[in-house]
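What follows is a short report on a single structure.
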Amino acid sequence: MMHSTLYWGTTVTLLFDPWTTNSYTSYFLALLLCSLTAASFHFIEAQRLKLNRSVHSALVESRKGVRLVLAALVGVESAIGYVLMLCMMSFNGGVLVAVVVGGAVGYLLFRGRDWEPVSWISRDLMIS
């Protein structure tokens, strides 16, 4: 059954009909997979940004090859983002929490060190 409002329950269909959770174990594994997928989004994003920085900071002979790799990483990022969106459209509260927590943990693990202050905030605002 497709829900159109947020519900809390262990029976959920993710992405396609054969992937329906029928027990606490299958539900937990589905939530774990959603969390890992959300974390992998930030891992791939971190790798893409690292490669992009290294291309701009060094002379790279084969920029076409690097551009193709960057484009492929953007494509994978987009695909993962759309899959996560479709998982969220199951309207299950546990899936929502799993994706949000997985994304937050992925950001902390893979992108947390990349923090830079926002350049448009004036120095006066940062001091006071």
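Note that the numbering runs from 1 along the sequence shown for the chain.
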Checklist entry - For Thr10 and Tyr27, which heavy atoms make the closest approach, and how far apart are they? => result O-CD1, 3.4 Å
Checklist entry - Is the CZ atom of Phe16 crowded by more than 12 outside heavy atoms at less than 6.0 Å? => result yes
Checklist outcome for this item: Distance col, row Leu70:CG vs Leu51:CG, nearest 0.5 angstrom, shows 4.5 Å
Next on the checklist: Could you report the tightest heavy-atom contact between Val74 and Arg48, atom names first, then the distance?
Outcome noted: CG2-CD, 3.4 Å
Checklist entry - Just by modelled atom types, is the Ala98 backbone N or O under 3.5 Å from a matching donor or acceptor in the Ser35 side chain? => result yes
Item to check | Considering all heavy atoms, the nearest Thr21-Ala30 contact | outcome: CG2-CB, 3.8 Å
Checklist entry - If you group Ile, Leu, Val, Met, Phe, Trp and Tyr by side-chain heavy-atom gaps below 4.5 Å, do Leu29 and Leu84 land in one group? => result no
Item to check | Closest non-hydrogen atom pair, Phe91 against Thr5 | outcome: CB-O, 3.4 Å
Checklist entry - How many angstroms lie between atom CD of Gln47 and atom NE2 of His42, to the nearest 0.5 angstrom? => result 13.5 Å
Checklist entry - Would you say Asn92's side chain and Gly9's backbone share a donor-acceptor pair under 3.5 angstrom? => result yes
Item to check | Single-linkage hydrophobic cluster Trp19~Val95, side-chain heavy atoms < 4.5 angstrom | outcome: yes
Item to check | Shortest non-hydrogen contact between Arg111 and Glu45, atoms and distance | outcome: NH1-OE1, 3.0 Å
Item to check | Cluster check Leu86, Leu96: I/L/V/M/F/W/Y, side chain < 4.5 angstrom | outcome: yes
Checklist entry - Linking I/L/V/M/F/W/Y whenever any side-chain heavy atoms sit under 4.5 Å apart, do Phe41 and Met89 land together? => result yes
Item to check | Same apolar cluster (I L V M F W Y, side chains within < 4.5 Å links), Tyr7/Phe28 | outcome: no
Checklist entry - Once you round to the nearest 0.5 Å, how far does OG1 of Thr13 lie from CG of Asn22? => result 8.5 Å
Checklist outcome for this item: Here the gap from Cys87 atom SG to Leu33 atom CG, rounded to the nearest 0.5 Å, amounts to 7.5 Å
